[in-house]
Amino acid sequence: MASSGEAAAPDFLSADIDPKAYRPATSRALTRGAWVITIVAVIAVVVPFLAIQLKRVEVVGEFERRLQILADGRADVIATWLDGMTRPADRVVDSELFRLFATEMYLSGGDISDMATRERTDPPDAGTPSGMGVPLAAQLPFMQQVLTDFTKSAEFLAGYVVGRNGVAYVTSANADPISPQQQAIATEVFETGVLRYGPARAEPTGLVLDVYAPIFRAQSEIGTDRPVGVLLLTGPITAALGQILSPPPLSQPGERPRLVQIDDGDFVAVVPGEAPPLHAVTGLELTEPDHSITFAQRTSIDGSQPVFSIGVAVTGPAWWIVQEIDAAALDEAMGGFVAAVITVSALVVLAVIAAFGAFWWRLSNEHSSALANQFRGLAARIEAQKKLLNSINNTMADYIGLKSLDGAYQYVNPAFARALGRDVEKIVGLDDSAIFGEGTAQRLKLSDQRALLSGAAVTVNEEIYLGKKLHYFQISKVPYQGDDGKTSGIVSVTRDVTELVEKQRMREKAVQQMVSALVRAVELRDPYLGGHSRRVAGFATAVAQHLEASAEDIATVEIAANLSQIGKLAVPHKILNKPDRLSDAEIAEMQRHVDHAAAILRDIDFDLPVLETVCQMHERLNGEGYPAGLSGDEIRLTARILGTCDVFCARVEPRSYRSGISAGAALDILEQNPERYDPAVVAALRETATSVAGEKLIASVAID
């Protein structure tokens, strides 16, 4: 017993320690720990589930954007190809010979028996059924021979001139009889007066396509009256479609384009090279008002597996480009993310359980003195932290190393050793020269010195060979200070970004190929636009370099210049190639090419301001440009460069309504308008135009 003048000793220092006195506290700690573990476990399940679902939505959205771009591109290519395929028909439907003959047949009522007495007048008298001339029947062999020669020269399989009663009164040699379906479509063209395409058909020679072009009355303006005949041409399409629908070199696994058409109200797949090449398709629905096929997960066109797909209508025939990618690609894209999320969640739960176990272990030993328990708890926590740090360090993918001031490694983590293919013990004591070679060691030494001199973290990118394979590393270095506060070494954390660099280069290559494909689409529509774009790209890139623009701006003007004419794909051909000056309404329609370009390029991720540059290239410093009326510094430098070079090239190039001017005269015009064109850009353009490279670009005008 303590005397009345002495303070009583605390219970935890008493010799008589009752273990039962600690049970309530232990029980409460156990209950609280169980609740904490339960809550953490619930969070570890819910959060990964939500993260996986959000990632799935993101990946599906990327699929949709990529498939939309690919489908739009192929639909434009097919529309351009069809336009080129049908253009030779203009030689027949615009021919006065065929128009005169079709007019006479139309006036005769399309009666073949009347051809023996019906005589051709030149020009025909619409009010008189006969006149002086050659009987129509006598003209048939000549007309058939002309049509036969045309179909052969234009590489069509058969040609027909169809009357209003659906009867083909002129056919090319060896042409099959006209079918009821062909008669029905020809009759519709008589009513509408608009060129039509029939559905793709399977013939023994392969897939064919019918083109129905209206023939208008002789000596009348085309399109102002009802047709007097229909030119029906049948052409082969197997080879062309097979080439267009072939997957590009950099397409993702499981990604493929499909062509479908509507025939008698049903979707039919068009598969060049397969037998049969046409087969019914189910599960596709059109949306209003653009009649596209919405992005969704559905069964593939061949019915073999689930896919994500989207469809875009082709201008002209009742065709749709359906771009597919296997649904399994989603699982492949999500696989690494799902595994990482689940692993992290499991590690978090295990860490919480381990921490609680350590805490419970500490409570279970409170029979010792309070001071011993405190030291033991402290030691346990230090050990737990050490284990956690070692566990993290040993499982980290980044390479961690500690070098002394003389360059020798004092410590490397297991990831570092695995990358070098050596044991940790065999690396400690070596320097960079012994590990990587003298050249690499010298580069690494420079970054070491920068970190020591700055006293802060320094990050560098290095290309280093490991095991005869080139790796791209991102290395962060920071001075290491000992217990005395003095710098005693350098800590380096190295991350292998080889895969990221290679993917970025592949992505840049894919973007370049996409740009090339779009440029080819422009050239198919109008070869002049392609030559103009290449010249603008050459001058714009050289001017940007002369102005010492950033690498990003130089790359931007090069891509934007090649795509500067892409919007003119949607400008009517009659306006684009009009031989006379355009009217105000036609100029307004032509200026809409900026909006068309924005619609085509908006969803393409260039990682560069290509879209903004293309949309601003026609703005002027005084605000009198279009489409937004920007002025001064509101216009990007890249757009000012591109706009100036575009005007220069347009002035030196000839047009259908004027000849080109000299480069010097074009430069004088630009210099005389400093309120419209950036004087610094114009000065750089003059330097470029007078160089050897510039003279070659100007000389290419004559070649194109």
- Query: E653 and R651: salt bridge (Lys or Arg N to Asp or Glu O under 4.0 Å), yes or no, with the steps?
  - Reply: CA-CA 6 Å; E653 295 165 353; R651 297 306 298 265; over 6 Å; no

Taking 4.0 angstrom as the limit, do [X] and [Y] come out as a salt bridge?
{"X": "D94", "Y": "R99", "value": "no"}
{"X": "R226", "Y": "E191", "value": "yes"}
{"X": "R65", "Y": "D603", "value": "no"}
{"X": "R196", "Y": "E188", "value": "yes"}
{"X": "R66", "Y": "E255", "value": "yes"}
{"X": "R581", "Y": "E586", "value": "no"}

Answer yes or no: is there a side-chain heavy-atom contact under 4.5 Å between [X] and [Y]?
{"X": "E285", "Y": "I293", "result": "no"}
{"X": "R201", "Y": "Q182", "result": "yes"}
{"X": "I310", "Y": "V322", "result": "no"}
{"X": "L157", "Y": "T151", "result": "no"}
{"X": "C649", "Y": "F539", "result": "yes"}
{"X": "D326", "Y": "R256", "result": "yes"}
{"X": "V268", "Y": "V281", "result": "no"}
{"X": "R686", "Y": "E671", "result": "yes"}

To the nearest 0.5 Å, what is the distance between [atom1] on [X] and [atom2] on [Y]?
{"X": "I78", "Y": "D83", "atom1": "CD1", "atom2": "CG", "value": "13.5 Å"}
{"X": "L621", "Y": "E675", "atom1": "CG", "atom2": "CD", "value": "8.5 Å"}
{"X": "T315", "Y": "D76", "atom1": "OG1", "atom2": "CG", "value": "7.0 Å"}

Looking only at heavy atoms, what is the nearest atom pair of [X] and [Y], with distance?
{"X": "S631", "Y": "N622", "answer": "CB-C, 4.2 Å"}
{"X": "A89", "Y": "L233", "answer": "CB-CD1, 3.7 Å"}
{"X": "V652", "Y": "A666", "answer": "CG1-CB, 3.9 Å"}
{"X": "M617", "Y": "S564", "answer": "SD-CB, 3.6 Å"}
{"X": "A186", "Y": "V230", "answer": "O-CG2, 3.7 Å"}
{"X": "P277", "Y": "A202", "answer": "CG-CB, 3.7 Å"}

- Item | Test log, rule side chain to side chain contact (heavy atoms under 4.5 Å, CB included), inputs V314 and W320 | CA-CA 5 Å; V314 177; W320 284 261; 5.9 Å; no

Give a yes or no on whether the backbone of [Y] and the side-chain of [X] come within a donor-acceptor separation of less than 3.5 Å.
{"X": "T541", "Y": "G538", "answer": "no"}
{"X": "N673", "Y": "I669", "answer": "yes"}
{"X": "E619", "Y": "Q616", "answer": "no"}
{"X": "S95", "Y": "L97", "answer": "yes"}
{"X": "D678", "Y": "A680", "answer": "yes"}

- Message: Just checking R592: does its CZ atom have more than 12 heavy atoms from other residues, nucleotides or ligands closer to it than 6.0 angstrom?
- Response: no

- Using a cut-off of 6.0 Å, state whether more than 12 heavy atoms not belonging to E695 lie near its atom CD.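 Enclosed.
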
- Residues T287 and S292: side-chain donor-acceptor under 3.5 angstrom: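 There is such a pair between these side chains.
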
- Can you label the angle between the Y626 ring and the H593 ring as parallel, tilted or perpendicular, going by 30° and 60°? perpendicular

- Task: Evaluate the criterion side chain to side chain contact (heavy atoms under 4.5 Å, CB included) for residue pair F216 and V93; output intermediate values, then yes/no.
- Result: CA-CA 7 Å; F216 293 94; V93 299; over 6 Å; no

- N562 and E558: CA distance, side-chain angles, deciding distance, side chain to side chain donor-acceptor pair (under 3.5 Å) verdict: CA-CA 6 Å; N562 281 300; E558 181 180 8; 5.0 Å; no

- Item | Audit row: T556, T613, side chain to side chain donor-acceptor pair (under 3.5 Å) steps and yes/no | CA-CA 8 Å; T556 298; T613 300; 5.5 Å; no

- Looking at I559, L601, T638, which one forms a side-chain contact (heavy atoms from CB on, under 4.5 Å) with V614? L601

- Could you go through the side chain to side chain contact (heavy atoms under 4.5 Å, CB included) check for R258 and I321 one step at a time? CA-CA 6 Å; R258 300 290 192 182; I321 284 291; over 6 Å; no

- D302 and H279: side chain to side chain donor-acceptor pair (under 3.5 Å), yes or no, with the steps? CA-CA 9 Å; D302 60 9; H279 55 81; over 6 Å; no

- Task: Test E612 against R636 for salt bridge (Lys or Arg N to Asp or Glu O under 4.0 Å), laying out the working first.
- Result: CA-CA 8 Å; E612 295 84 345; R636 302 180 64 90; 5.7 Å; no

- Query: Going through the distances and angles, do R298 and S309 end up as a side chain to side chain donor-acceptor pair (under 3.5 Å)?
  - Reply: CA-CA 7 Å; R298 51 175 66 92; S309 63; 2.7 Å; yes

- Could you check V536 against S533 for side chain to side chain contact (heavy atoms under 4.5 Å, CB included), going step by step and ending with a plain yes or no? CA-CA 5 Å; V536 173; S533 299; 5.8 Å; no

